[in-house]
Trainee: 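Sharing a structure with you now.
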There are 2 protein chains.
Amino acid sequence: MLSKKTKYGIKALSYLAKRTDKSPVQTAEIARSENISPKFLESILLTLRKSGFLGAKKGKGGGYYLIKDPNEIQMTTVIRVLEGPIAMLPCVSLNYYEKCEDCPDELTCSVHKLMIEVRDSTLKVLGEKTLADLA
Amino acid sequence: MLSKKTKYGIKALSYLAKRTDKSPVQTAEIARSENISPKFLESILLTLRKSGFLGAKKGKGGGYYLIKDPNEIQMTTVIRVLEGPIAMLPCVSLNYYEKCEDCPDELTCSVHKLMIEVRDSTLKVLGEKTLADLA
DNA sequence: TAATAACCTACTAAGCCGATAGGTTTATAG
DNA sequence: CTATAAACCTATCGGCTTAGTAGGTTATTA
């Protein structure tokens with residue numbers, strides 16, 4: 001299940017990508033438009049800025065704006081930053097790998113093999129999609 | 001992320017499917033072999049029995065056994081029973097649909113569309129796989 | 001009749017999620 | 001130079017879920 005954090009984050013990015021204008025947009029405006037708790041969204045936008053997706057401007061007339069071209073923003077990278085691993089098990093995660101305690105041998109584990117296939121198919125979909133496709 | 005419940009459940013089903021013999025296998029044996037907490041596994045096998053995957057026999061020499069042919073057991077149905085929805089958002093779930101509170105219109109929601117694609121690709125992988133493929 | 005193993009109910013510790021509260025810093029407007 | 005605006009930062013919290021534990025009940029077999 002996708003967390004609300006991720007869902008809201010994607011919505012916010014889409015909102016910014018839809019704008020022709022590249023001027024800063026305030027958190028409150030996005031929150032209002034997308035029905036998101038302003039304070040919660042604030043923390044999300046902050047992590048998106050720290051991750052290099054957004055730029056920010058303080059003070060009056062400030063807000064957040066996209067740094068990169070929406071075409072260059074893969075959905076895989078967005079989701080990894082907000083949600084963490086895309087894989088359904090740590091032992092099949094490319095970016096957040098972790099060994100299972102219970103599993104003596106991954107290569108013979110039935111669940112492992114299955115989840116690799118799921119991961120690859122998901123990765124294919126998300127890797128081909130960019131923020132531009134959503135907006 | 002797949003819960004341990006689901007992971008253990010699939011492992012247990014695989015274990016049973018691998019056996020040529022169709023005699024009942026005790027919870028303790030599966031737990032030992034797969035490194036699962038016996039009591040936790042007990043509850044999992046119980047739900048698998050109630051869902052029609054397993055049969056059970058009480059008393060000495062009892063245990064659990066597969067009811068159906070492993071070829072007939074789709075991984076989608078197993079996961080839905082143990083984990084719940086396969087979709088990453090309730091609003092794109094076929095079997096556990098739920099409307100998003102924040103979203104006024106699903107058809108224009110960028111996240112919605114994206115998650116439908118992810119769901120479909122996952123469903124394709126899991127729908128083609130049966131328990132026999134795992135074992 | 002004793003042992004065995006499934007069945008059932010209840011509880012719990014820990015962790016995460018979504019959100020809130022309140023203050024600090026920086027930029028702009030007048 | 002001062003007031004305002006908005007991002008930035010820290011801390012906290014209630015509620016829920018997960019993974020497991022404990023302990024007893026029922027049914028079957030030897």
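Reminder, nothing fancy here: chain letters follow the sequence lines and each chain counts from 1. Both backbone and side-chain heavy atoms feed into the values below; hydrogens, waters and symmetry mates do not.
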Trainee: Report the residue (A:K5 or B:G63) whose heavy-atom-nearest nucleotide on DNA chain C is the more 5′ of the two.
Mentor: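 On the 5' side of the pair lies B:G63.
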Trainee: Rounded off to whole Å, could you give me the CD1-to-P distance for the A:I36 and C:dT20 pair?
Mentor: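 A:I36 atom CD1 is separated from C:dT20 atom P by 13 Å.
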Trainee: DNA chain C: A:G59 or B:L46, which has the more 5' nearest nucleotide?
Mentor: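 The residue mapped nearer the 5' terminus is B:L46.
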Trainee: May I ask you to test the B:K11-A:C109 pair for a side-chain heavy-atom distance under 4.5 Å?
Mentor: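 Heavy-atom side-chain distance check passes, below 4.5 Å.
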Trainee: Between B:Y8 and D:dG20, is there a contact of a side-chain N or O with OP1 or OP2 at under 4.0 Å?
Mentor: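 It does, given that an N or O in the side chain of B:Y8 lies less than 4.0 Å from OP1 or OP2 of D:dG20.
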Trainee: Could you give the NZ-to-C1' distance, from B:K4 to C:dA13, as a whole number of Å?
Mentor: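 About 15 Å, once rounded to whole Å.
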Trainee: Tell me whether the side-chain N/O atoms of A:S37 come closer than 4.0 Å to OP1 or OP2 in C:dG18.
Mentor: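 Checking A:S37 against C:dG18: no side-chain N or O falls below 4.0 Å of OP1 or OP2.
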Trainee: Report, as yes or no, whether the 6.0 Å neighbourhood of atom NZ on A:K124 holds more than 12 heavy atoms from other residues, nucleotides or ligands.
Mentor: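 Counting neighbours around NZ of A:K124, 12 or fewer heavy atoms of other residues, nucleotides or ligands fall under 6.0 Å, so no.
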Trainee: OP1 or OP2 of D:dA6 sitting under 4.0 Å from any side-chain N/O of A:T27?
Mentor: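 Checking A:T27 against D:dA6: no side-chain N or O falls below 4.0 Å of OP1 or OP2.
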Trainee: Decide, yes or no, whether a salt bridge links A:K7 with A:E34 under the criterion of side-chain N to carboxylate O below 4.0 Å.
Mentor: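 A salt bridge is absent here (no side-chain N lies under 4.0 Å from a carboxylate O).
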Trainee: Under 4.0 Å, heavy atoms only, any strand: does B:K7 hit a base, just the sugar-phosphate, or nothing?
Mentor: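 Nothing, no heavy atom under 4.0 Å.
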Trainee: Within the pair B:R49 and C:dA6, is there a side-chain N or O less than 4.0 Å away from OP1 or OP2?
Mentor: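 No, because none of the side-chain N or O atoms of B:R49 sits under 4.0 Å from OP1 or OP2 of C:dA6.
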Trainee: Name the residue closer to the 5' end of DNA chain D, choosing between B:E83 and A:E42 according to the nucleotide with the nearest heavy atom.
Mentor: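 Closer to the 5' end of DNA chain D: A:E42.
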Trainee: Please check if the side chain of B:R119 supplies one atom and the backbone of B:V92 the other of a donor-acceptor pair under 3.5 Å.
Mentor: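 At least one qualifying donor-acceptor pair exists.
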Trainee: Please report, rounded to the nearest Å, how far the P atom of D:dC9 is from the CG atom of A:L45.
Mentor: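 My rounded result for the distance is 13 Å.
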Trainee: Considering non-hydrogen atoms only, spot the tightest contact between A:K57 and A:Y65 and give its length.
Mentor: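 That would be N-CE2, 4.1 Å.
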Trainee: Side chains of B:S3 and B:E83: is there a donor and an acceptor less than 3.5 Å apart?
Mentor: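 The answer is yes; a qualifying pair exists.
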Trainee: State which of D:dA7, C:dC7, D:dA5 makes the closest approach to the side chain of A:A56.
Mentor: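 From the listed options, D:dA7 comes nearest.
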Trainee: For D:dA7 and A:K39 - does any side-chain N or O of the residue sit under 4.0 Å from the phosphate oxygens OP1/OP2?
Mentor: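 For A:K39, the contact criterion (side-chain N or O under 4.0 Å from OP1 or OP2 of D:dA7) is not met.
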Trainee: Nearest-Å distance, NZ (A:K58) to C1' (D:dC9)?
Mentor: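 In whole Å, D:dC9 C1' and A:K58 NZ are 9 Å from each other.
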Trainee: Below 4.0 angstrom from OP1 or OP2 of D:dT29, is there any side-chain N or O of B:K57?
Mentor: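 For D:dT29, OP1 or OP2 has a side-chain N or O of B:K57 closer than 4.0 Å.
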Trainee: Please give, in whole Å, the distance from C:dA6 P to B:K50 NZ?
Mentor: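 Going from B:K50 (NZ) to C:dA6 (P), I get 14 Å.
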Trainee: Once you round it to whole Å, what is the distance between P of C:dG18 and NZ of A:K11?
Mentor: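 These atoms are roughly 14 Å apart.
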Trainee: Determine: side-chain N/O of B:Y64 to OP1/OP2 of C:dC7, distance under 4.0 Å, yes or no.
Mentor: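 Yes.
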Trainee: By nearest atom, which of the nucleotides C:dA6, D:dA19, C:dA19 is closest to the A:F40 side chain?
Mentor: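 Between C:dA6, D:dA19, C:dA19, the one nearest the side chain of A:F40 would be C:dA19.
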Trainee: Using whole Å, report how far CG of A:L2 lies from P of C:dC16.
Mentor: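 Answer to the nearest Å: 17 Å.
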Trainee: To the nearest Å, how far apart are B:I44 CD1 and C:dC8 P?
Mentor: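 These atoms are roughly 16 Å apart.
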